Chemist: 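Got a structure for you, written out below as structure tokens; questions coming shortly.
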Amino acid sequence: MQYLVDAAIDVAQLIDMVSSDERGGTAAFIGSVRRGPDDGPVVGIEYSAYEAMVETQLDKIIARAAERWPQARVEVRHRIGRVATREASVAVVVGAPHRAEAFAACRYVVEQLKQRVPIWKREILETGERRWRTGDLSPEEHP
Amino acid sequence: MQYLVDAAIDVAQLIDMVSSDERGGTAAFIGSVRRGPDDGPVVGIEYSAYEAMVETQLDKIIARAAERWPQARVEVRHRIGRVATREASVAVVVGAPHRAEAFAACRYVVEQLKQRVPIWKREILETGERRWRTGDLSPEEHP
Amino acid sequence: MWIFRLFFSSMQSPSSISVRCRLFARYAEIVGQDEVTLSLQRDATVAQAVAVLRQSVPDGARLPEQPMVAVNQEHALAGQVLADGDEIALLPPLAGG
Amino acid sequence: MWIFRLFFSSMQSPSSISVRCRLFARYAEIVGQDEVTLSLQRDATVAQAVAVLRQSVPDGARLPEQPMVAVNQEHALAGQVLADGDEIALLPPLAGG
């Protein structure tokens, strides 16, 4: 597994990996586990994934980014398993010769990841209860 | 001085500063000293600034960003003095509840910084020679 | 020549195919298992596989009728025709990031 | 009343003002100094200050005729009127980042 990791994401290391003498601009997106005002007593998130498909899809997303922005270099890491509030759950880091490419490629990979990569999250509440969440949406109702 | 620093920029610390339970999306831009194919034997860059104006202008840029994206929190650091190739010279890190705001505010602050903040760079060549550079452009001709 | 093709084609494609069906996250929770092997008629589509699955596992009717589906790790539309040995996966609404 | 105002106004605004002019980066290198105090006529503009500066320092003619200028740490246009005690700065093309 290249993209899924079960320990803290080292953003500084990723920045170092994508930067080079020729790539002076790095754009990064870091998603962290948050507790919004309506979220109640969430102490963490448990991520699960269709792991083989995560790898397949991220390979393709990064390959498409490389076609559109040939001089960019992309690194992606996503946590799997339990992640505490405020820890980073995902990092997308893109180095490019110029900042416009770095921002565009970073945004592209983040949006594609959200739309295409099979990862799910379940909130862990203070009470020990668990609750499935959909991406960027309110909690899913149990059917 | 709040924004100008003379030691390595700790990006992970800035990410930690702007993230919170309510701010789950962080967008960052990191500019590093690069040596492009036409740049010759550059070993580093020496940054100088109109220091008081850097602080005044960044205060205003960040205040304007706060008006447009009230839930975003912005941190900016720019190196002053000598910076070696591949080290970060600037970091703009923005935490927000959602990634669209984080990306937009980060891009805004970076563009404003490049346009309005009085910082200059002089390339240090392997030969010890120094050469003024303008932003994002080819070397300035000496008049 | 045309007769030969038909002949070989029917030799290589028996009347039913076997498809591995994987379930994830909330869907696995609903049906109490994360993998089911389905026997489908030849040329069955994704939609038909989902219909068979919903009838053949406990609480299968609680799965959506038109879930997001992947075939061999690629996102697939309901009309895609399946082949013997394919792996299909029912994907609850994605929530990466 | 009107006469009073004129009287006080001329008391408080002598015929010349003093402006601190700062030079940075390549511009400081060209003229060999990073700060000059200019004496300007009352109501002088940024453009007039630059013109005076270019004539009053060694190699001043090598400075651009219309450089980027800040007044009291704010970007300023050529027509801005200066006041006694202002700090103006000639800014070479910016290169932060």
Side-chain angles (χ1 to χ4, degrees), chain A residues 3-5 9 29-34 45-61 76-80 83 87-92 106-107 109-123 130-143, chain C residues 18-38 46-47 49-80 82-83 85-97:
Chain A
Y3 308 112
L4 290 169
V5 295
I9 298 171
F29 176 77
I30 298 96
S32 25
V33 170
R34 74 165 178 276
I45 295 235
E46 198 172 67
Y47 286 92
S48 62
Y50 180 5
E51 299 191 359
M53 183 170 168
V54 169
E55 302 289 320
T56 306
Q57 290 298 314
L58 279 171
D59 276 346
K60 290 182 73 166
I61 292 166
V76 177
R77 296 293 182 277
H78 200 297
R79 288 286 295 274
I80 191 88
V83 183
E87 273 189 58
S89 54
V90 63
V92 174
C106 182
R107 190 72 200 267
V109 172
V110 172
E111 298 305 323
Q112 289 286 306
L113 184 154
K114 297 259 180 186
Q115 286 168 41
R116 306 185 67 85
V117 174
I119 297 176
W120 299 279
K121 56 185 169 197
R122 198 154 57 155
E123 289 178 344
R130 279 141 198 251
R131 183 166 72 181
W132 292 105
R133 297 271 314 203
T134 52
D136 295 341
L137 297 172
S138 42
E140 262 189 290
E141 283 174 37
H142 282 261
Chain C
S18 175
V19 165
R20 181 185 180 202
C21 178
R22 300 185 64 179
L23 294 149
F24 290 94
R26 196 161 61 82
Y27 295 168
E29 215 172 63
I30 288 171
V31 305
Q33 51 197 312
D34 58 12
E35 196 174 326
V36 180
T37 299
L38 297 177
V46 162
V50 170
V52 169
L53 175 75
R54 292 179 78 244
Q55 290 171 354
S56 55
V57 293
D59 278 326
R62 292 177 59 209
L63 295 172
E65 288 178 45
Q66 298 181 38
M68 187 183 294
V69 171
V71 175
N72 301 330
Q73 302 170 24
E74 297 291 346
H75 292 282
L77 299 177
Q80 181 171 331
L82 298 169
D86 278 352
E87 173 175 296
I88 85 166
L90 268 63
L91 311 177
L94 307 184

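Bear in mind the structure is a predicted one, so any value in this text is a computation, not a measurement.
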Chemist: For chain C, which residues from residues 54-61 of chain A have at least one heavy atom closer than 4.5 Å to it?
Modeler: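 At a heavy-atom separation under 4.5 Å, chain C is reached by A:Thr56, A:Gln57, A:Lys60.
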Chemist: Run the ring pair (Phe, Tyr, Trp, His ring centres under 6.0 Å) test against C:Phe24 and tell me which residues pass, sequence neighbours left out.
Modeler: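 Once residues adjacent in sequence are excluded, the partners of C:Phe24 under the ring pair (Phe, Tyr, Trp, His ring centres under 6.0 Å) criterion are A:Tyr50, A:Trp120.
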Chemist: Which heavy-atom pair separates A:Val117 from C:Leu94 by the least distance, and what is that distance?
Modeler: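 In this case the closest contact between A:Val117 and C:Leu94 is O-CD1, 3.6 Å.
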Chemist: What residue, out of A:Arg122, A:Arg116, A:Gln115, has the most heavy-atom pairs lying under 4.5 Å from chain C?
Modeler: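 Greatest number of close heavy-atom pairs with chain C: A:Arg116.
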Chemist: What are the two closest non-hydrogen atoms of C:Ala70 and A:Met53, and how far apart are they?
Modeler: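 For C:Ala70 versus A:Met53, the nearest heavy atoms are CB-SD, 3.5 Å.
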Chemist: Counting heavy-atom pairs under 4.5 Å with chain A, which one of C:Arg22, C:His75, C:Gln73 comes out on top?
Modeler: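 The answer is C:Gln73.
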Chemist: Which atom names give the shortest non-hydrogen contact between C:Leu91 and A:Pro118, and what distance separates them?
Modeler: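 C:Leu91 and A:Pro118 have their closest heavy atoms at CD2-CB, 4.3 Å.
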Chemist: Highest number of heavy-atom pairs under 4.5 Å with chain C: which of A:Ala52, A:Ala49, A:Ser32?
Modeler: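 Highest number of pairs under 4.5 Å: A:Ala52.
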